[in-house]
Visitor: 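Can you read through this structure? Questions will come right after.
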Amino acid sequence: MYDLTLTFDNGPDPNVTPRVLDILAARGIKTTFFVIGEKLADPARRALAERAHGEGHWIGNHTFTHSIPLGEQPARDTAENEIGRTQDAIGNLAHPNRWFRPFGGGGNLDTRLLKPSVVGYLTRNRHSCVLWNSIPRDWADPDGWTERALDQCSRQPWTLMVLHDLPTGAMAHLERFLDRAEAAGARFRQDFPPSCVSIRNGEIALPINDFVSSIEESV
C-alpha cells in the first residue's frame, strides 16, 4: 500500500484536459492542476480550469509563461510578472493556500527553481510552494512513462507525481496507469506530502537554499 497524489502541469489544453477530467471523475480522484497563466486568456482554456475547480480539483499557479526558470531570470520584477499575473488570472478559482509550483526545465530540483526576490514575494503574499518527488517524464516518453511512474510509486510511502495535460499522447495511457496503480495498492489523495511543501501560507517550512539561485547578486 502507498499513497499517491497526482498533479497536472502546463495546461489546460482543450484537446487533453477534458478527457483527463472525465477519467478522474469516473474514479472519484481529486488532483491539482498547476496552470500556465497566459493560457487562461483563452476562454476555452479558462472554462476548463473552471470545470476542474467545479469538480473539486485544486487550481495552482505554474508561472505565466513557463519560459525560463525563475532562478535563471535576473530581472527584479520576475515574481510579479510570472507569479502575480498568473494568480490574477486564476482569480476566484484559487485555493486558499495559494498553491504555486516552480519549474526547473525538465523536472530538476535545484537552484533553477527560485531566487531570493521570488522567495520574498511568495512569503509576503502567503503562497505555498509545492515541489514533487516523482517525475516520470511523460512529456519525453509518452508511451513508456507508466512503467517509470509505477516504479517511482513503489519506492516511497507517499508519491507526489507530476504529469502534464498536454497533447503529447501521454495521457492516452492515464487510465491504464491508474488501474495498475490501484491494483498495486495505491491510495489516491489530494493533499501533498509535507516533505514537498517548502513554503506553506507564506511561512518557510523546509530548508530551501538548494532551490534558490544567487543570480541577483551579480545584477
Side-chain angles (χ1 to χ4, degrees), residues 7-14 17 32-50 52-53 57-133 135 139 160 162-166 192 196-219:
T7 60
F8 294 87
D9 287 10
N10 295 24
D13 185 277
T17 308
T32 301
F33 288 85
F34 286 95
V35 300
I36 304 299
E38 65 181 2
K39 292 187 175 183
L40 297 184
D42 174 8
R45 294 174 188 262
R46 171 74 189 189
L48 286 171
E50 292 173 350
H53 178 266
H57 301 285
W58 296 341
I59 305 300
N61 181 326
H62 195 41
T63 75
F64 196 78
T65 64
H66 199 280
S67 54
I68 301 171
L70 304 188
E72 296 182 341
Q73 295 191 39
R76 288 289 179 174
D77 57 357
T78 297
E80 181 56 47
N81 284 338
E82 291 290 347
I83 304 172
R85 286 197 295 167
T86 301
Q87 205 64 31
D88 289 344
I90 292 171
N92 62 2
L93 305 181
H95 188 276
N97 288 348
R98 297 167 71 85
W99 305 123
F100 167 72
R101 168 171 280 164
F103 73 101
N108 301 288
L109 285 167
D110 57 27
T111 58
R112 279 170 279 196
L113 298 184
L114 305 168
K115 59 180 183 172
S117 64
V118 167
V119 174
Y121 185 92
L122 293 172
T123 56
R124 285 195 309 275
N125 291 280
R126 299 186 59 79
H127 282 280
S128 299
C129 184
V130 182
L131 302 179
W132 54 86
N133 59 21
I135 296 276
W139 73 91
L160 174 46
V162 178
L163 298 175
H164 298 80
D165 48 329
L166 292 174
F192 308 122
C196 292
V197 184
S198 56
I199 301 172
R200 187 177 291 275
N201 297 321
E203 299 291 332
I204 295 177
L206 297 170
I208 61 170
N209 287 345
D210 289 345
F211 311 128
V212 182
S213 78
S214 59
I215 190 170
E216 290 168 333
E217 295 177 7
S218 60
V219 176

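Every heavy atom of this structure was used, including side-chain atoms; hydrogens, water molecules and symmetry mates were not.
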Visitor: Dump the intermediate steps for side-chain contact (heavy atoms from CB on, under 4.5 Å) on F192 and T7, then the final yes or no.
Guide: CA-CA 10 Å; F192 308 122; T7 60; 3.9 Å; yes

Visitor: Taking the side chain from N125 and the backbone from H127, do they hold a donor-acceptor pair closer than 3.5 Å?
Guide: no

Visitor: Relative to the ring of H66, is the ring of F103 parallel (under 30°), tilted (30 to 60°) or perpendicular (over 60°)?
Guide: parallel

Visitor: Taking all atoms of both residues into account, what is the closest heavy-atom pair of A205 and V197, and its distance?
Guide: CB-O, 3.7 Å

Visitor: Quick one: does S213's side chain have a donor or acceptor within less than 3.5 Å of a partner on R112's backbone?
Guide: no

Visitor: Quick one: do I204 and V119 satisfy side-chain contact (heavy atoms from CB on, under 4.5 Å)? Show the steps, please.
Guide: CA-CA 9 Å; I204 295 177; V119 174; 4.1 Å; yes

Visitor: For the side chain of R46 and the backbone of A89, is there at least one donor-acceptor N/O pair under 3.5 Å apart?
Guide: yes

Visitor: Could you give the distance from CD (E82) to OG1 (T65), rounded to the nearest 0.5 Å?
Guide: 3.5 Å

Visitor: With a 3.5 Å distance limit and no angle check, can you tell me whether N133 reaches the backbone of L160 through a side-chain donor-acceptor pair?
Guide: yes

Visitor: Looking at every non-hydrogen atom in both residues, tell me the closest pair between L113 and L70 and how far apart they are.
Guide: O-CB, 3.6 Å

Visitor: Check step by step if side-chain contact (heavy atoms from CB on, under 4.5 Å) holds for N97 and W58.
Guide: CA-CA 10 Å; N97 288 348; W58 296 341; over 6 Å; no

Visitor: Say you draw a straight line from CD1 of I83 to CZ of F64; how long is it, rounded to the nearest 0.5 Å?
Guide: 13.0 Å

Visitor: Ignoring hydrogens, what is the shortest heavy-atom contact between L206 and C196? Give both atom names and the distance.
Guide: CD1-N, 4.4 Å

Visitor: Which heavy atom of L40 sits nearest a heavy atom of A49, and at what distance?
Guide: CD2-CB, 4.0 Å

Visitor: If I take atom CZ from residue R101 and atom CG from residue N10, how far apart are they, to the nearest 0.5 angstrom?
Guide: 10.0 Å

Visitor: Please enumerate all residues that pass side chain to side chain contact (heavy atoms under 4.5 Å, CB included) together with D210, with sequence neighbours excluded.
Guide: none

Visitor: Within the structure provided, determine whether D77 and S117 are in side-chain contact (heavy-atom separation under 4.5 Å).
Guide: no

Visitor: Search all heavy atoms of P12 against all heavy atoms of R45 and return the closest pair with its distance.
Guide: O-NH1, 2.6 Å

Visitor: Evaluate the ring planes of H62 and F34, with Trp represented by its six-membered ring, and classify them as parallel (under 30°), tilted (30 to 60°) or perpendicular (over 60°).
Guide: perpendicular

Visitor: How far does CD of E50 sit from CG of N92, to the nearest 0.5 angstrom?
Guide: 7.5 Å

Visitor: N108 and W132: which non-hydrogen atoms are nearest, and at how many Å?
Guide: O-CZ2, 3.7 Å

Visitor: To the nearest 0.5 Å, how far apart are CG in L93 and CG in N61?
Guide: 12.0 Å

Visitor: For H57 and F33, take the angle between the two ring planes, folded into 0 to 90°, and tell me which bin it lands in: parallel under 30, tilted 30 to 60, perpendicular over 60.
Guide: perpendicular

Visitor: Using the test side chain to side chain donor-acceptor pair (under 3.5 Å), find all partners of H53 that sit at least two apart in sequence or belong to another chain.
Guide: none

Visitor: Whether the side chain of Q73 engages the backbone of I68 through a donor-acceptor N/O pair (distance < 3.5 Å, no angle test) should be reported.
Guide: yes

Visitor: To the nearest 0.5 Å, what is the distance between CG on N201 and SG on C129?
Guide: 12.5 Å

Visitor: Can you tell if the side chain of F100 reaches within under 4.5 Å of the side chain of I199, non-hydrogen atoms only?
Guide: no

